[in-house]
Amino acid sequence: MIYYWRGASGSERLLSDHAVSIQALLDANYNQRDLEKLRGPSSPMIYSYRVNQKARLLFTTHQGSLHVLEYLPNHEYAQARFLKTGVLRNYIENLEESTLFIPVDTGELPSFSQESPGYSLSTGLDYYNHQFIHFSEAQDAIVHQRSLPLILNGAAGSGKTYVGLGMMKAWLQARPDDASSRCLYVTEETSLVDAMRNNWNHYFSPDAPDVIEFKTYADLCTMFNPDKTIVTRACFETWWSNLKEDKGIPLETAEAYYQEFRICSGLSKETYASLGERQSSIPRGPARDALYASYARYLNHVGSMQIDPSFSPWLDADVSDEHRYDLIMVDEGHRFSSLQNLLLARLAKEHAIVYCVDAHQNLVDQYSSRVLLELQLRDAGVQTHTLDKTYRCKPKVAKVLTQILENNRQIVGGKVDKYEASMISTPEDTSEGAFYLLSPQDVSKNDWLLSRAKGIHLAVVTHAKYVDEARHVFGTPLIFTPEQIQGQEFHTVVVYKLLANEASKQMIKQASAHLSSDTALKNTHRSKSKASQKDAPWAHRIFTACSRAQDTLVVVDVENAYWRT
């Protein structure tokens, strides 16, 4: 089974006196409102469980078990010994091996009554990313399947990353005790790598912190090619600016070339030439041959001593087993070019690789990267599973996200991927969450917002040009662009002036008739037009920024037709 509380530990008296409450916690047979977090992620976690109207039971999670700390008969937290600075940390460091431990009976699944809103039937309870998490039946089925490669497709907050880590945990537990394994978690953004390493080491699997390597794709490039220099997209931009007219290629901008290179990079010339007209901006025929030749010229420009992570084939096809991984999880796989995803598959032994993707969060491509990935892994028997419910966002946030999806379909002409979600649905929850729409001038009038920004549970997402301004306004270091915050989540997210730049204003102006009309076509299907959906990356930036919010979403922006809906 995937890691969850393996039982309860603590003093014999506490375990005996409060056996009923402890078992309710172990079985997740309690009302969510009775559970309260008292200490944040910078210290060992302390939780309070409501035993009755007055009494509280304090506990933490230690080495995979629910560890009971203290009983408060009168709800007097000021008198709690373990809430005093340093007490819990010192206590954990000095826990003796003789601490009493009661294993949990896993013979039957926990039952959840109608009096326990916020939970559905589940096969386990885990502590992850500062939250208590349940596997749904659909998630648990994926965790325990052994057919790889696998594409995990799903909406923001549907649990793709958590299920992927769960698969790693279950896979490692199934290995013989004497087996040495190399596992890899890889993604694009350094901040996400750090966050997931922290989740694994401290919350998800504290007893096995070193069994997985957490790396960015650039880290891998450097590890396998220590003598070569990594170049940024500026290298491509410089090459394109000096490009003489490419006859026969119907593309006019650097962005168009870049997107088309991301498509053809991991395909053979023949496969690229045969792509359908929904997978490329170039019609079939000689123009695709010309584009493929242009891509080869760019690789020649990069040279043998430099690596462009998106396009350079830096890994040999016959890489030895000693340099490959027994299992790989690719988080935010939609961020990678077709070549990057192909090389990652080459690094996995026996096709043991899991890709987490979401079309709504692809901030680069106007076409579905999932379709290309399925094509590339078809001979390996790839399977795709879709998770269709978000467990991150409260209902009011989810309702806003659903409207954002509708706005985006109006702008891009329909779905980019036929399997992408049309709406964001949530399980029943006791809390509705909150949504606020403010003008930039209103921020200084909302003391609650500025006060919350002083903590670690509020993040601001903004356009790159407003990062410094947002840092000054909110006084927090937790300022991100949509690219940087992908894969992360916060209790409160402020989307600050994301659409205040000129390019966004022009785009909204062009789309205002569709956004403002009650009779505009609500197209939930892919556009029948074979024209490209060039505005998709822009639309996905908005969704990505807003979908990081768990409880409260605050949009601070200039008035426009997009937010007016």
Side-chain angles (χ1 to χ4, degrees), residues 3 39-45 61 89 126-131 133 152 156-157 159-169 172 182-224 230 232 309 325 327-336 340 344 347 354-358 361 363 392 453-462 464 467 470-471 474 476-494 544-545 547-550:
Y3 161 81
R39 181 164 292 176
S42 60
S43 303
M45 296 293 168
T61 295
R89 188 177 300 278
D126 201 353
Y127 186 72
Y128 167 78
N129 206 26
H130 323 314
Q131 304 173 73
I133 301 288
L152 270 179
K160 299 184 296 297
T161 299
Y162 179 61
V163 169
L165 290 176
M167 292 184 73
M168 282 191 156
K169 180 80 175 190
L172 287 166
R182 296 183 73 227
C183 298
L184 173 69
Y185 170 98
V186 59
T187 191
E188 177 77 11
E189 192 64 46
T190 301
S191 60
L192 183 54
V193 168
D194 293 339
M196 291 304 105
R197 181 188 295 112
N198 183 67
N199 273 311
W200 178 269
N201 290 350
H202 297 287
Y203 307 119
F204 198 88
S205 185
D207 53 345
D210 302 318
V211 296
I212 298 180
E213 295 178 24
F214 289 84
K215 297 183 181 296
T216 65
Y217 187 87
D219 291 337
L220 285 177
C221 293
T222 300
M223 184 176 73
F224 279 86
I230 303 294
T232 65
Y325 291 90
L327 184 63
I328 297 177
M329 175 185 167
V330 185
D331 207 0
E332 306 290 328
H334 45 263
R335 300 189 68 172
F336 293 134
Q340 289 175 299
L344 290 172
L347 268 180
V354 180
Y355 296 87
C356 300
V357 300
D358 177 15
Q361 298 182 71
L363 309 187
R392 172 188 300 153
K454 296 177 181 178
I456 61 173
H457 301 297
L458 179 147
V460 180
V461 191
T462 188
V467 167
R471 186 173 291 114
F474 293 96
T476 175
L478 297 176
I479 309 292
F480 303 88
T481 64
E483 289 81 4
Q484 292 169 337
I485 203 171
Q486 281 197 90
Q488 300 189 65
E489 55 190 42
F490 292 85
H491 175 276
T492 301
V493 168
V494 180
T544 297
S547 63
R548 304 304 95 198
Q550 297 169 310

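Please read these numbers as outputs of a predicted model, since none were measured by experiment.
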Minimum-distance pair of heavy atoms, taken over all atoms of [X] and [Y]:
X	Y	result
Pro482	Thr462	CD-O, 3.6 Å
Val330	Gly333	CG1-CA, 4.0 Å
Met168	Cys183	CE-CB, 4.2 Å
Ala459	Ile485	CB-CD1, 4.2 Å
Cys221	Ile230	CB-CD1, 3.6 Å

Any chance you could lay out the side chain to side chain contact (heavy atoms under 4.5 Å, CB included) test for Glu189 and Gln486, step after step, and finish with the verdict?
CA-CA 8 Å; Glu189 192 64 46; Gln486 281 197 90; over 6 Å; no
| Does one side chain, of Asp219 or Thr216, offer a donor that lies under 3.5 Å from an acceptor on the other? | yes
So Leu478 and Val460, side chain to side chain contact (heavy atoms under 4.5 Å, CB included) or not? Walk me through it. CA-CA 6 Å; Leu478 297 176; Val460 180; over 6 Å; no
dist Gln488:CD -> Met196:CE (nearest 0.5 Å) comes out at 7.0 Å
Distance col, row Lys215:NZ vs Ile328:CD1, nearest 0.5 angstrom, shows 12.0 Å
Across all chains, not counting sequence neighbours, the side chain to side chain contact (heavy atoms under 4.5 Å, CB included) partners of Glu483 are Arg335, Leu363, Thr481, Arg541
By side chain to side chain contact (heavy atoms under 4.5 Å, CB included), Thr232 pairs with (sequence neighbours left out) Ala234
Query - Whether His334 side chain and Val357 backbone form a donor-acceptor pair below 3.5 Å - result: no
(message) Tell me if a side-chain donor or acceptor on Ser191 pairs with a main-chain N or O of Gln484 at a distance below 3.5 Å.
(response) yes
For this session: Just do the side chain to side chain contact (heavy atoms under 4.5 Å, CB included) check on Gln361 and Glu332 with the steps written out, would you?
Result: CA-CA 8 Å; Gln361 298 182 71; Glu332 306 290 328; 4.2 Å; yes
Per ring pair (Phe, Tyr, Trp, His ring centres under 6.0 Å), Tyr185 is matched among Tyr217, Tyr325, Phe214 by Phe214
Exactly one of Arg392, Glu489, His491 clears side chain to side chain donor-acceptor pair (under 3.5 Å) with Gln550, and that residue is Glu489
**Asked** Do Leu347 and Leu220 pass the side chain to side chain contact (heavy atoms under 4.5 Å, CB included) test, and can you show the C-alpha distance, the side-chain angles, and the key distance before you say yes or no?
**Response** CA-CA 10 Å; Leu347 268 180; Leu220 285 177; 4.1 Å; yes
